[in-house]
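Following: one structure in C-alpha cells, then a few remarks.
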Amino acid sequence: MSQQTTASTRMGWGLIGASTIAKEHMVNAINAQAGHHVQAVFSTSQERAENFASVAGIPKAYDSLEALLADSQVQIVYISTTNELHHAQVLTAAAAGKHVLCEKPLALNLKDAQEMVKACEKAGVVMATNHHLRNAATHQAMRDLIASGAIGQPLFARVFHAVYLPPHLQGWRLDQPQAGGGVILDITVHDMDTLRFTLNSEPIEVVGMSQTASMAQQGLEDGVMAVVRFANGTLAQLHDAFTVKNAGTGIEYHGDKGSLIGKNVMTQQPVGEVILRNANGETNIELNHHNLYVKGVASFCDAVHQRGPVAATGLDGVKSLAAALAVVKACQLGTRQTIGSLDSEGV
Ligand code: NDP
C-alpha cells in the first residue's frame, strides 16, 4: 500500500544515490515544490552521504538503503545511481511503499524495466521516469504545433545531440558496460523519449552504426548515428556523441506543409529557440522558458497528490529503453531491428 498522500501532508524525499544529477539539478527541483523537501540521502559510502547532505542541507545521511526506506519521514524516492542498480532499488523501494522517480535508462534490459513498472503498480505507488526534455518549453511548443497541423504530415525528424561529455562525468559512462555505459543508453534514450513525445507516435524499427573514437573503452561506443521509423511514417535521423565540442544541439521536424527548427534544445537548461518555416516565411515561436527538472518534479508531485499525470511514466521509460536497446543491437549486428509494441498490458 502506498503511504498517505494528501495535499496537506509535508512529504519527504529520499535520494538513492549521491550523484551529480541529484546535486546539480534534482535537490533544487524537489525543494522548489511546496510541501516537499529532500529529507535523506543514501550513498554506499557514509562519508559521501554526509558530505552530500551537508552541502545540500539534507537532514539525514544513510549508507544503508534499508535504513533510508525504513525512515518514516521518507515517502518518495529519487533514484539516480548508476544504471545497473535502478532495477533492484526500484523493486525494494516499491515494496517499502515509496513513490518512485527513477532515472533513465530505467534498466539494462527490457525485462527488468517491465518488472519495475509492474512492481510499482502492484505496490500502488506512483512511478515516473526522469526524461527531462519533454518538460522543456521548446519541445512542448513543437509537440503542440505538430498536433495542430502546423507542418502538415510529419515526414522527417533530425536530432542533433552530439555533445562533449564534461570532464567530471568522464567515468562509468565511458568504461563500464556492466553499469550501462555508452552514449546510446545515455543520450539516444532521451532522443527516443523526446521524439515519441513530440510526434505522438511510437518507434517501430531502427538501423544504426556506432563509433568508438577517443573516449569510450571496454567495447562501449562514444558516438552513434541511427535512423528510426515511427508508426506514423516519420523517419528520424539521430546523431549522438560524447566526443564533439562544437556542434551545438538541435532538433528539426519536416512535414509536407512546413518545418520546425529547434535550436539549442537538447540540453538540461531552459534555453533554445523554435522557428516555424512555411510558405509564409519564418516565425519565431514565443516561448516561456522554465526549469525542466522543476517542471518534471512538479508533475510527479501532482501525481502523488492525485492532481494530474506524471510527465513521463514508467511505461514511457520502458519504451525509450526498448528503442535505445534496438539501436544498440542494430549497431552490434549491422541489421535492422524491429521494436515490438509495448502497451500497458505488455508491461
Ligand atoms: P554520478 O557518476 O555522478 O553518480 C552515480 C553514482 O556514482 C552515485 O550514486 C555514487 O554512488 C557514485 N559516485 C559519485 N561520486 C563518487 C565518487 N567520488 N567516488 C565513488 N563513487 C561515486 O552519475 P550521474 O549523476 O551522472 O548519473 C546518475 C544517473 O542519472 C544515471 O542513471 C544517469 O543516466 C542519470 N542522469 C540523468 C540525467 C537527466 O537529465 N535525466 C542527467 C544525468 C544523469 P553512491 O550513491 O553509492 O555514493
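Counting from 1, the numbers follow the sequence of the chain as shown. Note that ligands are numbered from 1 as they come in the structure, with each ligand's atoms numbered from 1 the same way.
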re atom 6 (C) of ligand 1, the protein heavy-atom contact at minimum distance is Thr82 CG2, 4.1 Å
Could you tell me whether Ile21 and ligand 1 have an N or O pair separated by under 3.5 Å? yes
I need the contact type for Asp186 against ligand 1. Using non-hydrogen atoms and a strict under-4.0 Å cut-off, is it side chain, backbone, both or neither? side chain
Please determine whether the number of non-hydrogen atoms from other residues, nucleotides or ligands lying under 6.0 Å from atom CD of Glu286 exceeds 12. no
Assess the side chains of Asn130 and Glu103: does a donor N or O sit below 3.5 Å from an acceptor N or O? yes
Numbering the atoms of ligand 1 from 1, which are under 4.0 Å from a heavy atom of His86? 32 (O)
Taking the non-hydrogen atoms of His190, is any one of them nearer than 4.0 angstrom to ligand 1? yes
With heavy atoms and a 4.0 Å threshold, my read on which part of Leu169 contacts ligand 1 is side chain
Among Ile251, Leu195, Val224, whose side chain to side chain contact (heavy atoms under 4.5 Å, CB included) with Leu238 holds? Leu195
Does the N or O separation between Thr20 and ligand 1 drop below 3.5 Å for any pair? yes
Assess, by modelled atom type and distance only, whether the side chains of His132 and Gln268 contain a donor and an acceptor separated by less than 3.5 Å. no
Out of Ala49, Pro105, Ala179, Ser43, who gets a non-hydrogen atom closest to atom 48 (O) of ligand 1? Ser43
Please write down residue, atom name and distance for the protein heavy atom closest to atom 40 (O) of ligand 1. Tyr293 OH, 2.5 Å
Looking only at protein heavy atoms, which one is nearest to atom 46 (O) of ligand 1, and what is the separation? Ala18 N, 2.9 Å
With side-chain hydrogen bond (donor to acceptor under 3.5 Å, both in side chains) as the test, pick out the partner of Arg158 among Glu252, Gln237, His239. Glu252
What do you reckon, does Ser80 put a non-hydrogen atom under 4.0 Å from ligand 1? yes
Would you say the side chain of Ile76 lies within less than 4.5 Å of the side chain of His36, judging by non-hydrogen atoms? yes
Atom CZ of Arg143 with >12 non-hydrogen neighbours under 6.0 angstrom: yes
Ranked by distance from atom 31 (C) of ligand 1, the top protein heavy atom is Asn83 OD1, 3.4 Å
Here the atoms of ligand 1 under 4.0 Å from any heavy atom belonging to Gln268 are 40 (O), 42 (C)
Lys98 side chain vs Leu69 backbone, donor-acceptor pair below 3.5 Å: yes
Heavy-atom nearest neighbour in the protein, as seen from atom 2 (O) of ligand 1, with distance rounded to 0.1 Å: Trp172 NE1, 2.8 Å
Under 3.5 Å donor-acceptor, Thr129 side chain and Thr313 backbone: yes
Asp240 and Thr188: side chain donor to acceptor below 3.5 Å: yes
Geometric N/O contact Tyr78 with ligand 1, under 3.5 angstrom: no
Non-hydrogen atom of Arg173 closer than 4.0 Å to ligand 1: yes
Per the side chain to side chain contact (heavy atoms under 4.5 Å, CB included) rule, which among Thr81, Val90, Leu85 passes with Ile16? Thr81
Looking only at distances, can you tell me whether any N or O atom of Thr81, backbone or side chain, sits closer than 3.5 Å to an N or O atom of ligand 1? yes
Which Ile, Leu, Val, Met, Phe, Trp or Tyr residues join Phe156 in one cluster when any pair of side-chain heavy atoms under 4.5 Å counts as a link? Leu155, Val207, Val227, Leu235
Looking only at protein heavy atoms, which one is nearest to atom 9 (O) of ligand 1, and how far off is it? Gly17 CA, 3.5 Å
Between side-chain atoms of residues 160-172 and protein atoms elsewhere (two or more places apart, or another chain), which donor-acceptor pairs fall under 3.5 Å?
{"residue": "His161", "atom": "ND1", "partner": "Asp191", "partner atom": "OD1", "Å": "2.7"}
{"residue": "His168", "atom": "NE2", "partner": "Glu24", "partner atom": "OE2", "Å": "3.0"}
{"residue": "Gln170", "atom": "NE2", "partner": "Leu165", "partner atom": "O", "Å": "2.8"}

Residue His132 vicinity, atoms of ligand 1 by number, heavy atom under 4.0 Å: 39 (C), 40 (O), 41 (N)
List the closest protein heavy-atom neighbour of atom 37 (C) of ligand 1: residue, atom name, distance to the nearest 0.1 Å. Glu103 OE1, 2.9 Å
Nearest protein heavy-atom contact for atom 19 (N) of ligand 1: which residue, which atom, what distance? Arg48 NH1, 3.3 Å
